[in-house]
Amino acid sequence: MSRERLLAALAEAGREHSDTAVMFHTAVSARMGLGMTEAKTLDLLRRLGPLAAGEIAEHSGLTPASVSGLIDRLERKGFVRRIRDTEDRRRVIVELRQDGVAGFGALFEDVVQGLEGLYAAYTDEQLELILDFLRRSAEVQRAATAGLG
């Protein structure tokens, strides 16, 4: 396949991957009673641990003003709580309420199992290449998101 055709196929596959990921996460978010941004913020907190509002903005690419409203909504729905930083009492940290997110893991079981089967078809070297691509493409998207704010 020529480079031009390969790049076109890669762009098309990337769009399809993005579309299916958005549709899956939209369905999961709806089952959780959340908007997509709210659900993805919970995932940030699950992966990275408690964060200050500015750190949520930094990791998500959202503006600080939108993050403040986002935290308010998540707190009202019982998914997060604000706590004072023990080292800097002026700083507020947002942490997950485990009782609020309990049971959400079951919504991801099918996709996790499917991906585990998919990973088994690749060598470690191929998986390292895929991992590099995913990390670098996420950074491209993060920068593009920040550029929209």
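Heads up: numbering here begins at 1 and tracks the sequence.
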Quiz item: Is the side chain of Gln141 donor-acceptor paired with the backbone N or O of Ala138 at a distance under 3.5 Å, no angle test?
Solution: no
Quiz item: Is the number of heavy atoms from other residues, nucleotides or ligands within 6.0 Å of CZ (Arg142) greater than 12?
Solution: yes
Quiz item: Is Arg81 paired with Asp99 through a side-chain N to carboxylate O contact shorter than 4.0 Å?
Solution: no
Self-check item: Test: Asp43 and Arg47 ion pair at under 4.0 Å
Solution: yes
Quiz item: Which word best sums up how the rings of Phe79 and Phe104 line up, parallel for under 30°, tilted for 30 to 60°, or perpendicular for over 60°?
Solution: tilted
Quiz prompt | Shared hydrophobic cluster, Leu115 / Leu127 (ILVMFWY, side-chain heavy atoms < 4.5 Å) | solution = yes
Quiz item: Does any N or O in the side chain of Gln126 come within less than 3.5 Å of the main-chain N or O of Thr123, such that one atom is a donor and the other an acceptor?
Solution: yes
Practice problem: Examine distances only and state if a side-chain atom of Ser137 and a backbone atom of Leu134 form a donor-acceptor pair shorter than 3.5 Å. | Solution: yes
Quiz prompt | Phe108 atom CZ: more than 12 heavy-atom contacts under 6.0 Å | solution = yes
Quiz item: Is Leu42 reachable from Val112 through a run of I, L, V, M, F, W or Y residues, each pair having side-chain heavy atoms under 4.5 Å apart?
Solution: yes
Quiz item: Quick one: do Leu34 and Val111 end up in the same hydrophobic cluster if we chain Ile, Leu, Val, Met, Phe, Trp and Tyr together by side-chain heavy atoms under 4.5 Å apart?
Solution: yes
Quiz item: Is Tyr119 atom OH crowded by more than 12 heavy atoms from other residues, nucleotides or ligands, each under 6.0 Å away?
Solution: no
Self-check item: Backbone of His25 reached by a side-chain donor or acceptor of Ser29 within 3.5 Å
Solution: yes
Quiz prompt | Neighbour count above 12 (heavy atom, 6.0 Å) for Asp19 CG | solution = yes
Quiz item: Where do Asp72 and Lys77 land on the salt bridge (charged side-chain N to carboxylate O under 4.0 Å, His left out) test, with the steps shown first?
Solution: CA-CA 9 Å; Asp72 289 342; Lys77 293 178 181 182; over 6 Å; no
Quiz prompt | Point-to-point distance, once rounded to the nearest 0.5 Å, from CG of Leu45 to CD of Glu55 | solution = 10.0 Å
Quiz item: Does some side-chain heavy atom of Lys40 sit less than 4.5 Å from a side-chain heavy atom of Leu44?
Solution: no
Quiz item: So, for Val67 and Ser60, which heavy atoms are closest and what is the spacing to 0.1 Å?
Solution: CG2-OG, 4.5 Å
Quiz item: What distance separates Arg46 CZ from Leu96 CG, expressed to the nearest 0.5 Å?
Solution: 9.0 Å
Quiz item: Are Ile130 and Leu118 joined in one hydrophobic group, where the rule is that I, L, V, M, F, W and Y side chains link up if heavy atoms are under 4.5 Å apart?
Solution: yes
Quiz item: What is the minimum heavy-atom distance between Leu51 and His59, and which atoms define it?
Solution: CD1-CD2, 4.2 Å
Quiz item: Rounded to the nearest 0.5 Å, how far does OG1 of Thr41 lie from CG of Leu62?
Solution: 6.5 Å
Quiz item: Can we say Glu139 and Arg136 salt-bridge, meaning some charged N sits less than 4.0 Å from an Asp/Glu carboxylate O?
Solution: no
Practice problem: Identify whether the distance between the nearest side-chain nitrogen and carboxylate oxygen of Arg97 and Glu75 falls below 4.0 Å. | Solution: no
Self-check item: Nearest-0.5 Å distance, CG of residue Leu70 to CG of residue Leu74
Solution: 5.0 Å
Quiz prompt | Closest contact, heavy atoms only, Pro50 versus Ile93 | solution = CB-CG2, 3.4 Å
Quiz item: Are Val80 and Leu48 connected in a single hydrophobic cluster, I mean Ile/Leu/Val/Met/Phe/Trp/Tyr linked by side-chain heavy atoms less than 4.5 Å apart?
Solution: yes
Self-check item: side-chain contact (heavy atoms from CB on, under 4.5 Å) evaluation trace for Glu38 with Arg73
Solution: CA-CA 8 Å; Glu38 294 168 336; Arg73 291 191 307 277; 2.8 Å; yes
Quiz item: So Val94 and Ile56, side-chain contact (heavy atoms from CB on, under 4.5 Å) or not? Walk me through it.
Solution: CA-CA 9 Å; Val94 180; Ile56 293 172; 4.2 Å; yes
Quiz item: Which heavy atom in Ser68 sits nearest to a heavy atom in Arg82, and how many Å separate them?
Solution: O-NH2, 3.8 Å
Quiz item: Does a side chain donor of either Ser66 or Thr63 reach within less than 3.5 Å of an acceptor in the other side chain?
Solution: yes
